[in-house]
Amino acid sequence: MSKVYALVDCNSFFVSCERLFRPELINTPVGVLSNNDGCFISLSRELKSLGVPMGTPYFKVRTICKKNKVTVFSSNFALYSNLSNRVMKTLAQFTPRMEIYSIDEAFLDLTGFKDIHCYAKFIKKKVEKDTGIPVSIGVSTSKTLAKLANNMAKKTKRTNGVVVLLDQQSQDVALHNTPIGKVWGVGRALDVDMQLMGLYTAKDLRDYKNSAHIKKKYTKVGLQIKEELQGHERFTLEQTVKPKKSIMCSRSFGSSVYRLEDLRKAVANYMSSAFETLRKQNSTCGEIGVFIRTSRHKKGHIYRGSNHIKLLSPTSDSRKAVGYGFEILNRIYKKGYEYKKAGVYLGKLQQEGNKQLSLFENYDNERSLKLMKTIDVINHREGKGAIKLAACGIDNKSWAMNRNFLSPRYVSGWSQLLKVK
DNA sequence: TCTGGGGTCCTAGGACCC
DNA sequence: TCTGGGGTCCTAGGACCC
């Protein structure tokens with residue numbers, strides 16, 4: 001018997017989170033900006049219909065926003081991840097088999113349930129009632145088809161946010177009406193290429209006879225997409241959260257940075273943050289990288305520097321890591337450039353306990369591990385950065401990001417809890 | 001003036017070995 | 001000047017996702 005998957009996706013998730021605490025903003029244009037108040041990364045329907053697409057730099061549409069009284073927020077991920085957890089907890093009530101796919105999406109295995117359409121409507125209602133976050137649901141026999149159904153649910157109003165594609169006929173119609181570029185896994189490059197091959201819709205790809213050709217041209221993944229469109233499960237449900245294989249932390253600066261010492265502080269901070277993530281999943285890392293760069297958009301006087309170190313023995317000690325980070329920074333820093341972004345990269349991650357002994361370097365000793373854990377606990381309790389390494393600096397940060405439209409931390413942080421009157 | 005951040009997977013090709 | 005064949009491992013880069 002074939003599977004039945006539902007994809008539940010929160011509508012304009014970040015915007016919905018902000019609206020939750022500002023209900024007067026419902027039915028008005030609202031947008032959430034990326035880090036540094038750069039681009040829109042979440043837009044309400046009303047804002048989209050003003051002609052502002054996803055990813056638009058804020059400064060380009062500032063006038064439009066003012067004129068139309070758009071409410072703009074800086075991103076507030078502490079809030080979003082908290083609300084995400086609530087949504088996921090609610091969803092978990094409906095099936096024992098579920099995959100949290102991203103901050104605002106989850107796949108639910110509904111195989112064996114009766115009257116799926118009704119059940120999906122019930123799920124939608126319950127989530128909205130319990131969390132206040134509106135969702136759309138798409139159901140079909142593979143993840144790719146569920147995703148496609150979900151897109152329809154979001155796009156077409158008369159579906160009331162739920163689309164079920166289980167019979168051949170409804171699938172035929174849906175796939176025929178879906179441009180190839182809208183298929184999950186078909187990005188810009190494949191979109192262009194497939195159209196050149198005469199594959200314009202999802203249905204064209206599904207029904208294309210020469211599978212070997214698809215595989216040759218679009219790799220194993222391309223073929224999997226085609227088979228998923230036929231309703232065969234190729235992407236399975238991942239119920240367990242796998243530890244990350246690499247960790248990054250990078251930021252654009254709020255203003256330009258020129259001096260090595262400021263870059264060092266940025267790197268120390270990013271490294272600390274990346275290592276906190278590393279320790280949270282009980283990993284050690286065997287490779288550390290750092291990059292710095294000038295503006296991506298400015299012409300002339302461009303520089304991108306990056307380098308990495310392979311560690312003889314893996315570590316989870318932030319202090320060691322910051323030292324290595326500085327070493328790399330010394331190699332790549334060039335004076336005279338206007339730096340706009342820096343980042344760190346952790347690779348060759350291993351689960352603690354799986355490490356292979358090296359003859360050449362000492363492992364983190366018990367004491368340093370304990371110290372790190374203690375810092376993590378305190379920072380978790382008191383807020384990020386309550387305790388940090390001296391290298392991170394305490395002065396006013398030229399490199400810190402802009403967050404001019406930040407909402408209060410409604411759900412985390414004691415000082416900013418909502419007051420009940 | 002002002003343009004995000006963080007991941008995964010796949011493949012081709014080089015290095016190296018016998 | 002001629003110059004095998006096959007395997008593995010690693011890396012960089014490209015593609016995709018949210």
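So you know, we letter chains A, B, ... as the sequences are listed, proteins then strands, and number each from 1. It should be emphasised that the depicted structure is a prediction, and the values quoted were computed from it without experimental measurement.
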Of the nucleotides [options], which one has an atom closest to the side chain of [X]?
X	options	result
A:R251	B:dG5, B:dG4, C:dC17	B:dG5
A:C39	B:dT3, C:dC17, B:dG6	B:dT3
A:R188	B:dG6, C:dC16, B:dT3	C:dC16
A:K147	C:dC18, C:dC16, B:dG5	C:dC18
A:K220	B:dG5, C:dC16, B:dT11	B:dT11
A:R296	B:dC10, C:dC16, B:dT3	B:dT3

So, OP1 or OP2 of [N]: does either fall under 4.0 Å of a side-chain N or O from [X]?
X	N	result
A:K341	B:dT3	no
A:S75	B:dG4	no
A:K310	C:dT11	yes
A:T219	C:dA15	no
A:K245	B:dC9	yes
A:S102	C:dC17	no
A:K348	C:dT11	yes

[X] [atom1] - [N] [atom2] separation (whole Å):
X	N	atom1	atom2	result
A:L346	B:dT8	CG	P	12 Å
A:K182	C:dC18	NZ	C1'	15 Å
A:Y218	B:dC9	OH	C1'	18 Å
A:K215	B:dT11	NZ	C1'	13 Å
A:F253	B:dG5	CZ	P	10 Å
A:F77	B:dG5	CZ	C1'	8 Å
A:E228	B:dC9	CD	P	16 Å
A:D191	C:dC17	CG	P	10 Å

Answer with base, sugar-phosphate or nothing: what part of the nucleic acid does [X] contact at a heavy-atom distance below 4.0 Å?
X	result
A:N36	nothing
A:D104	sugar-phosphate
A:L33	nothing
A:I247	sugar-phosphate

With distance as the sole test, does [X] use its side chain to make a donor-acceptor pair with the main-chain N or O of [Y] at under 3.5 Å?
X	Y	result
A:H301	A:G336	yes
A:E105	A:L7	no
A:K143	A:T236	yes
A:S84	A:Y80	no

Candidates A:V162, A:L108, A:V139 - the one meeting side chain to side chain contact (heavy atoms under 4.5 Å, CB included) with A:I123: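 By the side chain to side chain contact (heavy atoms under 4.5 Å, CB included) criterion, A:I123 pairs with just one of A:V162, A:L108, A:V139: A:L108.
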Please collect all side-chain hydrogen bond (donor to acceptor under 3.5 Å, both in side chains) contacts where either partner lies in residues 210-219 of chain A, sequence neighbours excluded, each pair once.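 Passing the test, one end in residues 210-219 of chain A: A:D193-A:K217, A:D193-A:Y218, A:Y208-A:H213.
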Are [X] and [Y] close enough that a side-chain donor and a side-chain acceptor fall under 3.5 Å?
X	Y	answer
A:N36	A:S252	no
A:E352	A:T284	no
A:E233	A:Y5	yes

Which heavy atom of A:S2 sits nearest to which heavy atom of A:T141, and what is that distance?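 Minimum heavy-atom separation between A:S2 and A:T141: OG-CG2, 3.7 Å.
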How long is the straight-line distance from CG of A:L263 back to CG of A:L329, given to the nearest 0.5 Å?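 The CG atom of A:L263 is 5.5 Å from CG of A:L329, to the nearest 0.5 Å.
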What are the residues of residues 58-65 of chain A, sorted by number, that bring a heavy atom to within less than 4.0 Å of DNA chain B?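 Output list: A:F59, A:R62.
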Please report the distance separating the P of B:dC2 from the corresponding atom of C:dC18, rounded so that it comes out in whole Å.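 So the two P atoms sit 30 Å from each other.
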Using a 3.5 Å limit for the pairing distances, which stems of at least 3 consecutive Watson-Crick or G-U wobble pairs does DNA chain C take part in?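 Stem list for DNA chain C: B:5-18 with C:5-18.
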Cation-pi check, A:K341 to A:F253: give yes when NZ or CZ is under 6.0 Å from the six-membered ring centre and within 45° of the ring axis, no otherwise.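 Verdict for A:F253: no cation-pi partner in A:K341.
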Pairwise 5' ranking along DNA chain B for A:V221 and A:H297, keeping only the more 5' one: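 Mapping each residue to its closest nucleotide by heavy atoms, the 5'-most match is A:H297.
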Residue met sooner reading DNA chain B from 5', once A:P57 and A:K242 are mapped to nucleotides: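 Whichever sits nearer the 5' end wins; that is A:P57.
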